[in-house]
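Here the structure is a predicted model, which means the values were calculated and not measured.
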Amino acid sequence: QITPWETFDAAEPFDYVVVVGGLLHSGPQAGPETLGFIRNAAAAGATVVGICTGVFTLMRAGVLDGYRTCV
């Protein structure tokens, strides 16, 4: 587990946002604030990357709509 040191609204603009997944169905799901942050970063032009099951979070955020993916 990684402890955050910034809040979503205080974070700087990013070139990349990497979402690292974990074991499916273990631990908390990404909440609305996290999904909104991912949407906003993608809309601002950041490249979003899903590692392993992090792709499912990108899918839930809606930033993969219109793209073909492989997990």
In terms of ring plane angle, is the pair Phe14 and Phe37 parallel, tilted or perpendicular, where the classes change at 30° and 60°? perpendicular
Side-chain (Thr53) to main-chain (Gly22) donor-acceptor, under 3.5 angstrom: yes
For Leu58 versus Val49, what's the shortest heavy-atom pair and its separation? CD1-C, 3.7 Å
Contact summary for Gly50 and Val55, nearest pair of heavy atoms: O-CG2, 3.6 Å
Give the C-alpha distance, both sets of side-chain angles, the deciding distance and a yes or no for side-chain contact (heavy atoms from CB on, under 4.5 Å) between Thr57 and Leu35. CA-CA 8 Å; Thr57 301; Leu35 298 176; 3.9 Å; yes
Would you say Phe8 ends up clustered with Val19 if hydrophobic residues are merged whenever their side chains have heavy atoms under 4.5 Å apart, either directly or through other cluster members? yes
Qualifying side chain to side chain donor-acceptor pair (under 3.5 Å) pairs with a residue from residues 27-44, counting only residues at least two apart or across chains: Gln29-Arg60
